[in-house]
Amino acid sequence: MPIWIDEVLSGRKIPLETRDPNRVGMYVCGVTVYDRCHIGHLRSMLSFDALVRYLEYQRYQVNYVRNFTDVDDKIIDRAREIEAGRDGDWRRAERYATFTEKDWALRDADDAEIRTRAASTDKPVALVVSEYFIEKFQEDFSCFAMRVPDVEPKVSDHMPQIVEYIGRIVERGFAYEAGGDVYFDVAAYDDATHAYGKLSRRDAAAMLEGARVSPTERKRNGADFALWKAKKPGEPAWNSPWGPGRPGWHIECSVMSTQYLGTTFDIHGGGKDLIFPHHENEIAQAEAECGEPFCRNWLHNGFVTVDGVKMSKSLGNFLSLHDALGLALPEVWRFLVLSVHYQSPIDFSRTRVTEAGERVRGSVDVAAERVQYFYQTLERADEALAGREPDPEAPLLHTHVAGRLEERFCEAMDDNFNTAVAITLMGEAARAINELVALKAKEVKKLGEASVLRTLHDLTSGLRGIASVLGLLTETPGAFLDRFRAHELGKRRLEAAWIEQKIAERGAAKAERDFSRADGIRLELDALGIELRDMPGRTAWDVRV
RNA sequence: GGCGACAUAGCCAAGUGGUAAGGCAGAGGUCUGCAAAACCUCCAUCAUCGGUUCGAAUCCGAUUGUCGCCUCCA
């Protein structure tokens with residue numbers, strides 16, 4: 001069965017075809033490391049992580065490359081701001097208008113650390129900035145258990161290759177030097193190939209027509225873009241035939257992707273916002289350089305929105321990964337991301353009360369509850385199965401679910417990686433598990449004890465199996481649920497020991513059949529968001545999300 | 001202004017020609033000292049209008065609305 005993908009270059013749903021039927025070469029645009037990451041980055045990383053995991057589950061050998069753009073205008077800007085210090089005018093720039101005190105605290109702490117590091121090295125501050133944020137990237141993402149890319153190339157490590165690559169584009173007549181800069185010649189390229197704009201579906205002629213060459217500009221055409229930028233004072237620079245300078249944005253991805261994956265590699269991914277100009281220009285550069293098709297399959301993930309508006313730096317409505325982890329556990333974020341199809345927007349929200357007084361659950365909180373539900377389900381199943389050996393010959397119950405879980409999972413994932421449907425299937429399995437666990441002895445007897453046991457066993461391992469392909473439900477329930485409760489309690493500044501003590505008091509009251517006192521304690525805890533569940537012999541508790 | 005996407009129940013969200021998955025919220029029920037959890041049942045004809053078709057949420061056109069890209073962005 002082929003995997004069907006909604007491919008952006010062709011604009012259609014096509015079966016995934018790879019150069020080698022058993023291998024996939026995949027390049028995903030990573031981050032430009034000039035600041036902390038936010039949940040938009042997280043979404044992109046997790047979406048493609050799930051994709052890689054599924055491909056590997058389908059026995060593809062995936063060569064996964066994800067870059068760091070560590071030489072860039074924004075990084076240089078950040079370095080300048082750090083050098084200007086905390087009292088610099090930059091602080092009043094419009095892009096910081098939405099910064100809160102908390103944002104500034106983190107920002108200042110990062111800047112101070114970078115300043116300290118820069119003081120003890122000869123390196124340009126800009127490179128210290130990028131090194132620092134690569135470190136932060138690894139730290140912030142480490143808890144998400146993502147499939148580690150096979151290569152994480154950095155621009156600064158590929159200068160000779162980039163310079164040579166640009167040289168070949170110039171030689172072929174698709175780029176020109178102007179005052180130490182080198183620009184890609186969109187007109188020349190489009191004349192030769194009629195291909196400029198093919199990814200983003202733009203009309204190259206119209207773009208060229210609309211643009212004017214201003215006398216101060218070095219560009220021949222407004223649509224041209226820099227492959228190499230001549231050094232300006234205070235900027236990091238590398239040598240090149242055109243003088244000292246640095247690469248423009250876009251060229252690094254063409255160079256590094258083809259270096260590690262070859263020309264015409266299989267999958268190129270990134271956020272939708274990269275389609276133009278970044279990916280369009282990557283294609284133009286790469287195909288200008290070698291005359292061969294660049295990448296066959298282009299996949300783009302949708303945005304994260306906040307209150308329906310795209311989350312972006314300039315709007316100041318972004319949630320940093322750092323803050324995100326304070327709100328919910330990594331697995332909850334993974335669940336939230338995968339519960340929406342990768343191409344659709346995800347609206348991030350927290351639980352709020354409307355003007356009408358209605359409580360509307362936020363997407364993160366709903367995700368947290370679902371993850372909790374799944375682990376609680378597994379915990380019940382594990383308990384029910386403990387020390388019992390299922391008979392694989394016993395007739396299966398719930399055959400639509402139990403017998404077809406993996407098959408239906410593959411159907412969903414083969415259809416353009418529909419993780420949303422995959423998660424629905426997980427829900428079906430969990431419901432069936434709960435139903436079996438809750439059966440009474442009489443009902444078990446009627447259905448056949450061996451059948452119940454076997455079905456429960458199959459469902460549980462099946463659920464774990466498909467979930468783990470997506471990087472979900474891989475922990476032991478106890479470990480996860482403990483952490484989950486600790487996290488929720490932490491948000492509310494409550495202590496588990498205090499709650500346990502209250503529960504003990506209530507237990508004593510119950511033993512004396514003093515139900516009004518017992519109920520009083522229940523209400524007291526309930527008001528704090530603690531829910532009690534009386535079970536045979538003990539009282540369990542949960543934190544309401 | 002140019003290009004593009006989307007519009008599914010109170011909220012979130014699958015579904016690209018055959019008669020609307022799932023989740024949250026809500027209602028009823030089983031269970032319970034009372035609860036909770038879990039499970040069961042109920043809860044939409046798919047923005048509007050027109051067209052193609054035996055048949056459309058799914059295709060085409062128009063309208064309205066929302067959003068994105070065109071400048072940095074996952």
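Every chain is numbered from 1, with letters handed out A, B, ... down the list of sequences. In what follows, every heavy atom counts, from backbone to side chain, and hydrogens, waters and symmetry copies are set aside.
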Exercise for the section: Could you tell me whether A:Asn301 contacts a base, only the sugar-phosphate backbone, or nothing, with contacts defined as non-hydrogen atoms closer than 4.0 Å? Expected result: base
Practice task
Remember a base hit wins even if backbone is also touched, and classify A:Tyr373 as base, sugar-phosphate or nothing at under 4.0 Å, heavy atoms.
Solution key: sugar-phosphate
Practice task
Spell out yes or no: do the side chain of A:Arg361 and the base of B:G26 have one donor N/O and one acceptor N/O closer than 3.5 Å?
Solution key: no
Problem - Any donor-acceptor N/O pair under 3.5 Å between B:C72 base and A:Asp73 side chain - result: no
Exercise for the section: With heavy atoms under 4.0 Å as the rule, sort A:Gly427 into base, sugar-phosphate or nothing. Expected result: nothing
Exercise for the section: Scan A:Gly271 against the nucleic acid and name what it touches under 4.0 Å (heavy atoms): base, sugar-phosphate only, or nothing. Expected result: sugar-phosphate
Exercise for the section: Classify the nucleic acid contact of A:Ser349 as base, sugar-phosphate or nothing, counting any heavy atom under 4.0 Å across all strands shown. Expected result: nothing
Practice task
Kindly determine whether A:Arg246 and A:Glu235 satisfy salt bridge (charged side-chain N to carboxylate O under 4.0 Å, His left out), including the steps that lead there.
Solution key: CA-CA 9 Å; A:Arg246 61 194 164 90; A:Glu235 290 184 355; 3.2 Å; yes
Exercise for the section: Mind checking A:Met535 for me? I need base, sugar-phosphate or nothing, with any heavy atom below 4.0 Å counting as a touch. Expected result: nothing
Practice task
Record whether the side chain of A:Lys310 comes under 3.5 Å of the base of B:C73 through a donor-acceptor pair of N or O atoms.
Solution key: yes
Fill in the blank from the handout: Value for CZ (A:Phe335) from CG (A:Leu329), rounded to nearest 0.5 Å, stands at 13.5 Å
Handout entry: A:Val340 vs A:Ala518, nearer the 5' end of RNA chain B by closest nucleotide
Key = A:Val340
Practice task
Just name whichever nucleotide pairs with B:A56, Watson-Crick or G-U, keeping both distances under 3.5 Å, else none.
Solution key: none
Handout entry: Residue whose nearest RNA chain B nucleotide is more 5′ - A:Phe48 or A:Asp534
Key = A:Asp534
Practice task
Indicate, with a heavy-atom threshold strictly under 4.0 Å, whether A:Gly302 touches base, sugar-phosphate, or nothing.
Solution key: base
Practice task
Classify the side chain of A:Asn418 and the base of B:G15 as holding, or not holding, a donor-acceptor pair under 3.5 Å.
Solution key: no
Exercise for the section: Determine which nucleotide pairs with B:C39, using a 3.5 Å limit on both distances of a Watson-Crick or G-U wobble pair. Expected result: B:G29
Practice task
Tell me what A:Arg431 touches on the nucleic acid: a base, only sugar-phosphate, or nothing, going by heavy atoms under 4.0 Å.
Solution key: sugar-phosphate
Practice task
Select base, sugar-phosphate, or nothing to describe what A:Phe515 touches, counting heavy atoms under 4.0 Å on all strands.
Solution key: base
Problem - Salt bridge A:Asp534-A:Arg506, side-chain N to carboxylate O under 4.0 Å - result: yes
Exercise for the section: Give one of base, sugar-phosphate or nothing for A:Lys510, where a contact means two heavy atoms less than 4.0 Å apart. Expected result: base
Exercise for the section: Please check if the distance between the ring centroids of A:His279 and A:His250 is under 6.0 Å. Expected result: no
Exercise for the section: Report the base-pairing partner of B:C6 (Watson-Crick or G-U wobble, both distances below 3.5 angstrom), or none. Expected result: B:G65
Practice task
Examine the base of B:C72 for any acceptor or donor lying under 3.5 Å from a partner atom in the side chain of A:Arg95, and report the outcome as yes or no.
Solution key: no
Problem - Gap in Å between the two C1' atoms, one belonging to B:G15 and one to B:G61, rounded - result: 24 Å
Exercise for the section: For the side chain of A:Thr32, starting at C-beta, report the closest nucleotide among B:C39, B:G2, B:A74. Expected result: B:A74
Exercise for the section: Scan A:Arg506 against the nucleic acid and name what it touches under 4.0 Å (heavy atoms): base, sugar-phosphate only, or nothing. Expected result: base
Exercise for the section: For A:Ser44, answer base if it contacts any base atom (sugar-phosphate contacts may also be present), sugar-phosphate if it contacts only those atoms, and nothing otherwise; contact means non-hydrogen atoms under 4.0 Å. Expected result: sugar-phosphate
Exercise for the section: Classify the nucleic acid contact of A:His341 as base, sugar-phosphate or nothing, counting any heavy atom under 4.0 Å across all strands shown. Expected result: sugar-phosphate
Practice task
Could you tell me how the ring of A:Phe144 sits relative to the ring of A:Phe141: parallel (under 30°), tilted (30 to 60°) or perpendicular (over 60°)?
Solution key: tilted
Exercise for the section: Please work out if A:Arg380 contacts a base, only the sugar-phosphate, or nothing of the nucleic acid, heavy-atom cut-off 4.0 Å. Expected result: sugar-phosphate
Exercise for the section: Could you tell me whether A:His457 atom NE2 has more than 12 heavy atoms of other residues or ligands within 6.0 Å of it? Expected result: no
